[in-house]
Every structure is written in structure tokens, then in C-alpha cells.
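Let me begin by presenting the structure, written as C-alpha cells, before commenting on it.
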Number of protein chains: 2
Amino acid sequence: MSGNIEGPPVEDVLGALADPTRRQILDRLAGSGEATATTLTAEMSVSRQAVVQHLAILEAAGLVKGYRIGRERRFIVVPRRLTETARWMDRLAAQWDGRLAAIKRIAEQAHQAGLESPGRQKENEQPETDRS
Amino acid sequence: MSGNIEGPPVEDVLGALADPTRRQILDRLAGSGEATATTLTAEMSVSRQAVVQHLAILEAAGLVKGYRIGRERRFIVVPRRLTETARWMDRLAAQWDGRLAAIKRIAEQAHQAGLESPGRQKENEQPETDRS
DNA sequence: GGGATGTGCAATCATTTACTTGCGCGTCAC
DNA sequence: GTGACGCGCAAGTAAATGATTGCACATCCC
């Protein structure tokens with residue numbers, strides 16, 4: 001049940017989305033459909049090189065895709081990984097929910113047992129699952 | 001249409017999930033239902049204080065909740081924000097999809113027009129939003 | 001060809017961030 | 001009470017990261 005941190009794809013997406021400037025870039029990109037690092041720079045408050053580096057990270061994460069036209073390199077957003085990550089999060093949340101429900105039941109049972117010796121917590125009632 | 005970066009809640013969640021150690025903590029926490037910083041440290045390769053700091057960030061992001069029992073401070077996972085962020089991502093992905101579809105249509109029209117003057121791109125067909 | 005425009009590479013800088021160590025204090029058990 | 005256990009605060013360190021500047025190279029337009 002435990003140990004599904006998930007690999008590189010989700011990891012990279014989360015890392016990429018964590019930065020405000022990159023989210024801003026994505027937002028502008030999605031707004032204009034396609035753009036180059038230079039045109040994006042015009043509507044932002046950082047240098048072109050900063051935008052270029054961010055775009056590289058975004059492309060490595062699979063959130064955008066770049067292609068050459070003439071002498072310019074245009075980028076478009078790619079929704080795929082975003083959808084995947086959203087699903088991953090949803091599954092994780094569902095897993096947490098299930099786990100919480102189980103714990104709640106155990107806690108209520110422990111509470112029942114605790115009523116027999118009032119004023120003191122009987123914490124060791126719960127096996128602590130395990131660890132390793 | 002543009003400008004929905006979304007505020008603090010999503011921002012904090014993304015930032016919190018971006019770190020591998022924090023995801024590991026969340027995973028262990030979800031596995032054991034509840035745990036303290038000390039018990040978590042036992043199954044990880046960082047110091048207790050590191051875990052404490054991570055838990056503070058996770059709690060600020062609303063991903064976990066801590067409460068005192070006796071002299072110990074236990075934590076449980078809270079799925080709420082995770083679900084919200086997943087939905088946010090899904091909406092964003094859908095928005096991207098819609099935008100891509102629109103651009104594709106425009107591009108095809110531009111391609112049609114481009115057939116009349118072969119060998120040269122008619123790029124200025126798209127208003128380019130603007131650029132200061 | 002020649003100037004303008006757009007790109008890519010590389011080094012540098014400053015801030016942030018993850019992690020550590022040390023210590024004082026509250027809480028439980030005997 | 002005394003000792004053990006767990007927690008919290010604080011300062012400090014080292015690495016990652018966001019951002020900058022400078023310059024060389026390629027491409028477009030006249």
C-alpha cells in the first residue's frame with residue numbers, strides 16, 4: 001500500500017509548476033497559443049535568458065513543446081502531463097481518504113476501550129502498522 | 001481569458017509537493033495514519049529538525065494537520081487541498097486544450113491563405129496579442 | 001553583401017532552501 | 001524529586017535555484 005511516490009514525470013511537473021514565474025509563462029503561453037522566449041519576455045519582468053531557462057525546465061517536464069520556424073523557436077503548451085499529474089493527485093487524495101477512514105474506525109474502537117480506564121490515554125492500543 | 005494563476009492555496013501546495021523529502025513524509029504519514037516528527041525520523045535519512053521543518057511547510061500548505069496529545073505532536077494527512085489542486089490542474093489542462101483547438105483552426109486557415117504565396121510564411125496573420 | 005533581429009552558450013551573482021547541530025524547556029514514568 | 005523522552009527555538013552551513021550580463025552564431029530583409 002505504501003511507497004507510491006511515483007517517478008520522474010510527476011516529479012518534474014510538480015517541480016516545474018512550483019515556480020511563480022514558470023506558471024506565469026505557462027499562462028501567457030496558453031493565452032497566446034504560441035510564443036517565443038523573446039515575445040514572452042516583452043510582457044514579463046525578467047530577462048530573456050531567464051525565460052529561456054524556464055522554458056527549458058518546462059519542456060523537460062513535458063508541459064510545453066518547442067519547435068523551430070525560421071530563426072525563431074516557438075513554444076506551445078502541452079496539456080498531457082498536466083492531466084496525468086491531476087489524476088495522480090486525485091488517486092493520492094483518494095488513498096489518503098481511505099487511510100483516514102480506517103484510522104478513524106480504529107481510533108473509535110480505542111476510545112471504546114479507553115472508557116474503561118478514564119483520565120488516561122491508552123495509546124499503545126494501536127499497533128503502529130509497522131515500519132521498515 | 002488570461003490571468004488565472006490562482007493564489008496562495010494552490011501555490012503553497014505545489015511548492016510543498018515539489019520536494020522529494022516532503023513527498024516521502026506524506027507517503028509515510030498516509031501509510032501509518034498518524035505519526036510524530038520523531039517516529040517519522042526513525043524511518044528516514046534526515047534529522048528530526050529537518051522533518052519538523054518540512055512538516056511545518058506541509059501544515060502551512062494544508063496538506064497535514066498537527067495536534068498535541070501529551071508531550072508529543074502528532075500529524076495526520078488532510079486530503080482536501082490535494083483534491084482542490086487536482087481539480088485546478090484539470091481545469092487548467094482543459095483550458096489549454098480549448099486554446100490549442102482554437103489555435104489549430106487558425107493555423108489551418110493561415111495555411112490555406114499561405115498556399116496563395118508559396119515559399120514564405122505569413123506570420124502576421126495572428127494579432128500576437130500585443131507587446132508593449 | 002550588410003544591418004537588424006532572434007537565438008544559444010557560458011560565466012557570474014544573489015537569494016532561497018534543505019539540512020544540520022546545540023541547547024533549554026515541558027511532560028511522562030518511576 | 002530525578003531521569004528519560006519528546007518538543008521547540010535559534011544559529012549556522014552548504015548546495016540548489018532564479019536571474020543577470022556578455023558575446024558569438026544563425027537567419028531574415030533590403
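Remember, it's a predicted structure, so these values are computed and weren't measured experimentally.
Rounded to whole angstrom, the span from the CE atom of B:M44 across to the P atom of C:dC19 amounts to 8 Å. With rounding to whole Å, A:F75 atom CZ is found 15 Å from C:dG6 atom P. If you measure from atom CZ of A:R73 to atom C1' of D:dC25, you get 16 Å, rounded to the nearest angstrom. For A:I69 and D:dC29, the CD1 to P distance is 13 Å, given to the nearest whole Å. At whole-Å resolution of the value, CG in B:L55 and P in D:dC9 are 14 Å apart. If you measure from atom CZ of A:R22 to atom P of C:dT16, you get 16 Å, rounded to the nearest angstrom. For the pair A:Q53 CD and D:dT20 P, the interatomic distance rounds to 10 Å; values are reported in whole Å. Counting to the nearest Å, the C1' atom of D:dC5 and the CZ atom of B:R74 are 14 Å from each other.
Remark: A:R23 CZ to A:T21 OG1 distance equals 9.0 Å, nearest 0.5 Å. Rounded to the nearest 0.5 Å, atoms OG (B:S32) and CZ (B:R74) are 10.5 Å apart.
Place B:A37 and A:V46 on DNA chain D by their nearest nucleotides, and B:A37 ends up nearer the 5' end.
At the phosphate of D:dG6, neither OP1 nor OP2 sits under 4.0 Å from any side-chain N or O atom of B:T36. Proximity of A:R48 to the phosphate of D:dG22: no side-chain N or O atom is located under 4.0 Å from OP1 or OP2. Listed pair B:H54 / C:dC19 meets the phosphate criterion, a side-chain N or O lying under 4.0 Å from OP1 or OP2. The shortest distance between the side-chain N/O atoms of B:R71 and the OP1/OP2 oxygens of D:dA4 is not below 4.0 Å. For D:dT20, one of the phosphate oxygens OP1 or OP2 lies less than 4.0 angstrom from a side-chain nitrogen or oxygen of A:S47.
Using a 4.0 Å cut-off between a side-chain N of Lys or Arg and a carboxylate O of Asp or Glu, A:E72 and A:R68 do not qualify as a salt bridge. Under a 4.0 Å N-O distance rule, the pair B:E59/B:K65 does not qualify as a salt bridge. Using a cutoff of 4.0 Å between basic side-chain nitrogens and carboxylate oxygens, B:R81 and B:E84 are scored as salt-bridged.
Listed nucleotides: D:dG6, D:dG8, D:dA19. Nearest to the side chain of B:R68: D:dG8.
The base of D:dC9 sits with one of its N or O atoms less than 3.5 Å from a complementary donor or acceptor on the side chain of B:Q49.
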